[in-house]
Amino acid sequence: MIVDAQGRRFRNLRISLTAACNYACTYCVPDGKRLQAAQQELDSREMLYAVELLIDATGIEKVRITGGEPLLSPKFDVLLPSVMRLPLSDVSLTTNGQLLTRKAATILNAGVRRINVSLDTLDPEAFPRIARTGDLATVLLGIEQMLAAGVRVKVNMVPMRTKNADQVLPMLDYCFERGIELRFIELMNMGHLRSGNQYVQDFYGMDEILDTIGSRYEFARTDAPYDSTAVRFEVPGQGVFGIIANESEPFCSSCTRLRLSSNGRLYGCLSNARAHDIRDVLGLPRQQALPRVRHLLGLALADKQSLNFRGEVTVMKFIGG
């Protein structure tokens, strides 16, 4: 087992099926530029073998399939059921929900029981201003379809001062009514936000989120797993919400996440642009490949920050959300 000086090891793997996305969210990419597929993306066979090697080398227990937008990837229909058959305690999916109704049969037939949907507003006019495309009603229909099928849904919202701060309470009410756990994600100082003033203007932190929620609800902090990225709160009689407070309450010291990009690079930390290419290993038999994978994982683990997120120029959707 590969463990660093702080006792951290990789337990959670995020797989970016593709860097392509059908959205161009204001906090993810500049000037409305949609993310395209990366050059030399791994095919389904290569990606599955990479995941198998990483599980063998680390004892990874949980996998989340992400993007870009994973439901866009031609690998999705093949890879999802293949990953579901691996010896894992949990397989989940993060999507913007625009294609959920189209891919519902694939998701349900594969046996997925948990998904996260990225949704930043319930205002149909604000929705395309933030995502720069898309249709809110289609996303909401997909969420209802998943809930009706018994899938546990969480919603991820990035609150921003100038764009959707007025949606904190409407989003929370919507989620409480449906038994959905809402996760507020503090804006991350990544990619194009590292330059210019947008990050400073739009950052809406945990204290402000809690003040807004406290204007309507009483809540109390509740327990979360050791390596959870979210601080969780319970509203009696209503439900639970979480805040991924990467700036206000950093979780770097207990982070167990590893990211595999669609073009075969391992990232140990969102706050570090270093990547470790696994592609050359994928042509080797398992016994020859494993020592080299362990070496790469040691390098990736050493990339983790000790205390807090420092920001990075990397675009998150290139490396698995």
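Just so you know, these numbers come straight off a predicted model, no measurement behind them.
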Where [X] and [Y] come nearest, the two heavy atoms and their spacing:
X: Ile209; Y: Ile243; answer: CG2-CD1, 3.9 Å
X: Ser262; Y: Met47; answer: CA-CE, 3.9 Å
X: Ser89; Y: Lys62; answer: OG-CG, 3.7 Å
X: Val29; Y: Arg132; answer: O-NH1, 3.0 Å
X: Gly134; Y: Gln98; answer: CA-OE1, 3.4 Å
X: Arg232; Y: Glu181; answer: NH2-OE1, 3.0 Å

task: Could you check Thr101 against Gln145 for side-chain hydrogen bond (donor to acceptor under 3.5 Å, both in side chains), going step by step and ending with a plain yes or no?
output: CA-CA 7 Å; Thr101 55; Gln145 192 170 357; 5.1 Å; no

pair [X]-[Y]: side-chain heavy atoms closer than 4.5 Å:
X: Ile180; Y: Ile143; value: yes
X: Leu297; Y: Leu54; value: yes
X: Leu86; Y: Leu48; value: yes

Under a 3.5 Å cutoff, is there a donor and acceptor pairing between the side chains of [X] and [Y]?
X: Gln40; Y: Asn263; result: no
X: Tyr27; Y: Asp120; result: yes
X: Ser16; Y: Arg259; result: no
X: Glu186; Y: Ser248; result: yes

message: Taking Val240 as the starting point, is it possible to reach Met171 by hopping between hydrophobic residues whose side chains are less than 4.5 Å apart?
response: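 Shared cluster, no.
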
Are there over 12 heavy-atom neighbours, none belonging to [X], within less than 6.0 Å of that residue's [atom1]?
X: Asp211; atom1: CG; value: yes
X: Glu144; atom1: CD; value: yes
X: Arg286; atom1: CZ; value: yes

Taking side-chain hydrogen bond (donor to acceptor under 3.5 Å, both in side chains) as the definition, give me every residue that meets it alongside [X], ordered by chain and number, with sequence neighbours left out.
X: Asp277; value: none
X: Tyr174; value: none
X: Thr138; value: Asp135

message: Test of understanding: with salt bridge (Lys or Arg N to Asp or Glu O under 4.0 Å), list the residues that count as partners of Asp173, not counting sequence neighbours.
response: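 Expected list: Arg216.
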
Indicate every side-chain donor-acceptor pair of residues 153-163 with a distance under 3.5 Å to a residue at least two apart or in another chain.
| residue | atom | partner | partner atom | Å |
| --- | --- | --- | --- | --- |
| Asn156 | OD1 | Asn116 | ND2 | 3.4 |
| Arg161 | NH1 | Glu208 | OE2 | 2.8 |
| Arg161 | NH2 | Phe203 | O | 2.9 |
| Arg161 | NH2 | Glu208 | OE1 | 3.2 |
| Arg161 | NH2 | Glu208 | OE2 | 2.8 |
| Thr162 | OG1 | Asp202 | OD1 | 2.4 |
| Thr162 | OG1 | Asp202 | OD2 | 3.4 |
| Lys163 | NZ | Asp202 | OD2 | 2.7 |

field: Step-by-step ring-ring contact (aromatic ring centres under 6.0 Å, His included) determination, Tyr217 to Phe176
entry: CA-CA 12 Å; Tyr217 295 110; Phe176 280 161; 5.4 Å; yes

task: Take Asn12 and Thr256 through the test side-chain hydrogen bond (donor to acceptor under 3.5 Å, both in side chains) and record every step on the way to the result.
output: CA-CA 6 Å; Asn12 295 268; Thr256 64; 2.6 Å; yes

task: Using the six-membered ring wherever Trp is involved, compare the ring planes of Phe241 and Phe233 and label them parallel, tilted or perpendicular (cut-offs 30° and 60°).
output: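 Aromatic pair Phe241/Phe233 classed parallel.
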
- request: Calculate, to the nearest 0.5 Å, the distance between atoms CD1 and CZ belonging to Ile107 and Arg113 respectively.
  value: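 Answer rounded to 0.5 Å: 11.5 Å.
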
message: As an exercise, state the distance from CD of Gln167 to CG of Leu119, rounded to the nearest 0.5 Å.
response: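 Taking CD in Gln167 and CG in Leu119, the distance rounds to 9.0 Å.
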
- request: Apply the test side-chain hydrogen bond (donor to acceptor under 3.5 Å, both in side chains) to residues Thr212 and Tyr204: give CA-CA distance (whole Å), side-chain angles for both, the deciding distance (0.1 Å), then the verdict.
  value: CA-CA 11 Å; Thr212 300; Tyr204 198 77; 2.9 Å; yes

Ignoring hydrogens and angles, write down the donor-acceptor pairs under 3.5 Å from the side chains of residues 71-83, residues two or more places apart or on other chains.
| residue | atom | partner | partner atom | Å |
| --- | --- | --- | --- | --- |
| Ser73 | OG | Lys75 | N | 3.0 |
| Lys75 | NZ | Leu17 | O | 2.8 |
| Lys75 | NZ | Leu42 | O | 3.0 |
| Asp77 | OD1 | Lys103 | NZ | 3.0 |
| Asp77 | OD2 | Lys103 | NZ | 3.3 |
| Ser82 | OG | Val78 | O | 3.0 |

